[in-house]
Amino acid sequence: MTLTQTVGIIGGTGQLGSAIATALLESGSVPPEQLWISNRSGAPAGFEPWPQITFTHNNQALADACDVIVLSVPPALSSSARIAAADKLVLSVMAGVSLQQLSNLCGSARVVRAMSSPAARERLAYSPWCASRDLAPTDQETVATLLSACGLSDRVADENQIEIFTALTGPVPGFAAFFADAMVQYATANGVEAKTALRAVKQLFLASGRIMSEDTITPADRVSEMVDYAGTTAAGLIKMQELDLPRLIAEGLDASAARVRTIADES
């Protein structure tokens, strides 16, 4: 679906903002002549293939010109995104910035809190969202179009779930990279050349991600299937279960979620 509204992204040349902008452009969801991007310099860094985009360093000028405004600045700098945007649709992907804080920043009641990730550039992000009130059907459709251009998207019940997903799916590929590095270290400690170990583990994660994304069974069912098969992988999985690895992972995710709830307070 191609939107008819003019869309502006404040912080649109940052890591996340530029990924979202690229997804919107390459998917055809927003034509370049209907896209505004603001950054500190007003320069079109990284967007030279789309000269029709309007660039500015003035956030308020963007807010005045656009129907839909996306806020994508670091949460500690959220105050720099303060704009007068009464009754405009404002969507934030700033971690830890609450719906009430968003309303205070922009003066609008039509605010949406979402989370995405730099995987949006490849249209592989998961982008959940929630709103402070029931949005008009047209607003809901606009939000769904914007976020679905970045990958998969769902509306969730409340802000707590946004915070959980920020911890869980936002840090692509942080947690997966941590587990992958542990496997590389295991291989090298057992005499495998580092380059070969890295190549093998990257291929494993590529294949696993693709298979799981298309799988007709859940990850839990896949683990049970491997354990029931009683092969070499089963031995490793059973040992990890005995060590209560899921509990340790949950504690790590709890720490990430707790950080989400305080990170915007530094602004």
Side-chain angles (χ1 to χ4, degrees), residues 7-12 14-17 19-21 38-39 59-60 62-63 66-120 125-148 150-172 174-175 250 252-267:
V7 177
I9 304 178
I10 295 177
Q15 185 184 35
L16 180 54
I20 292 172
S38 72
N39 57 21
N59 292 341
Q60 189 58 53
L62 178 150
C66 295
D67 306 303
V68 183
I69 302 157
V70 178
L71 303 181
S72 181
V73 301
L77 300 177
S78 60
S79 60
S80 69
R82 186 175 299 278
I83 50 174
D87 205 37
K88 294 201 174 184
L89 179 60
V90 178
L91 186 155
S92 166
V93 290
M94 298 185 294
V97 180
S98 70
L99 289 168
Q100 184 59 58
Q101 288 173 309
L102 291 176
S103 288
N104 294 341
L105 281 172
C106 65
S108 176
R110 294 165 63 203
V111 292
V112 173
R113 183 176 174 186
M115 181 41 54
S116 193
S117 80
Y126 178 71
S127 304
W129 63 279
C130 69
S132 57
R133 64 180 189 183
D134 286 337
L135 296 178
T138 52
D139 282 348
Q140 294 183 48
E141 188 174 290
T142 296
V143 172
T145 297
L146 290 171
L147 295 178
S148 294
C150 301
L152 299 179
S153 178
D154 290 304
R155 184 173 187 176
V156 297
D158 54 44
E159 293 190 74
N160 178 66
Q161 291 188 32
I162 296 294
E163 290 160 0
I164 295 300
F165 280 117
T166 301
L168 194 65
T169 65
V172 175
F175 293 124
L253 292 171
D254 277 344
S256 291
R259 177 63 173 146
V260 171
R261 299 182 180 108
T262 62
I263 193 168
D265 296 338
E266 299 170 1
S267 61

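Of all heavy-atom pairs spanning Ala95 and Ala264, the tightest one is O-CB, 4.1 Å. Across every non-hydrogen atom of Met115 and Ile162, the tightest pair is CB-CG2, 4.5 Å. Arg155 and Ala131 make their closest contact through NH2-CB, 3.7 Å (heavy atoms, listed as atom of the first residue, atom of the second, distance). Smallest separation of non-hydrogen atoms from Val90 and Ala85: CG2-CB, 4.4 Å. The shortest non-hydrogen separation linking Ala167 to Val260 is N-CG2, 4.2 Å. Closest non-hydrogen pair, Ala81 versus Ile10, comes out as CB-CG2, 4.4 Å.
Of the possible donor and acceptor atoms, none in the side chain of Ser148 sits under 3.5 Å from a partner among the backbone N and O of Thr145. Asp158 contributes a side-chain N or O that, together with a main-chain N or O of Gln161, makes up a donor-acceptor pair within less than 3.5 Å. At distances below 3.5 Å, at least one donor-acceptor pair connects side-chain atoms of Ser103 with backbone N or O atoms of Ser108. With hydrogens and angles disregarded, no donor-acceptor distance shorter than 3.5 Å links the side chain of Asn59 to the backbone of Ile83. Between the side chain of Gln140 and the main chain of Leu135, a donor-acceptor pair closer than 3.5 Å is present.
Residues satisfying the salt bridge (charged side-chain N to carboxylate O under 4.0 Å, His left out) test with Glu141, not counting sequence neighbours, are none. By the salt bridge (charged side-chain N to carboxylate O under 4.0 Å, His left out) test, Asp139 is found to be paired with Arg110, residues two or more places apart in sequence or in another chain being considered.
Looking at heavy atoms from C-beta onward, Val97 lies out of side-chain contact with Arg113 at the 4.5 angstrom threshold. Annotation: side chain of Met94 is in contact with side chain of Leu102 (closest heavy-atom distance under 4.5 Å). By the 4.5 Å heavy-atom criterion applied to side chains, Val93 and Ser72 are counted as neighbours.
By the neighbour-count criterion of 12 heavy atoms within 6.0 Å, atom CD of Gln15 is sparsely surrounded, having that number or fewer from other residues, nucleotides or ligands.
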(message) Determine whether Tyr126 and Asp154 satisfy the following criterion, side chain to side chain contact (heavy atoms under 4.5 Å, CB included), listing intermediate values before the conclusion.
(response) CA-CA 8 Å; Tyr126 178 71; Asp154 290 304; 2.7 Å; yes
(request) I would like to know whether Trp129 and Leu91 meet side chain to side chain contact (heavy atoms under 4.5 Å, CB included); could you show each step before the answer? (result) CA-CA 9 Å; Trp129 63 279; Leu91 186 155; 5.9 Å; no
(message) Between Ile20 and Cys150, does the side chain to side chain contact (heavy atoms under 4.5 Å, CB included) criterion hold? Intermediate values first, please.
(response) CA-CA 6 Å; Ile20 292 172; Cys150 301; 4.1 Å; yes
(request) Show your working on side chain to side chain contact (heavy atoms under 4.5 Å, CB included) between Leu105 and Val111 and close with a plain yes or no. (result) CA-CA 10 Å; Leu105 281 172; Val111 292; over 6 Å; no
(request) Please lay out, stage by stage, how Ser127 and Ser116 fare under the test side chain to side chain donor-acceptor pair (under 3.5 Å). (result) CA-CA 5 Å; Ser127 304; Ser116 193; 2.8 Å; yes
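Note: Ser92 OG to Ile69 CD1 = 12.0 Å, rounded to the nearest 0.5 Å. Going from atom CG of Leu71 over to atom CD1 of Ile9 covers 10.5 Å, rounded to the nearest 0.5 Å. A distance of 11.0 Å separates CG in Leu99 from CG in Asn104, rounded to the nearest 0.5 Å.
With respect to the salt-bridge test (charged N to carboxylate O, under 4.0 angstrom), the residues Glu159 and Arg261 do not qualify.
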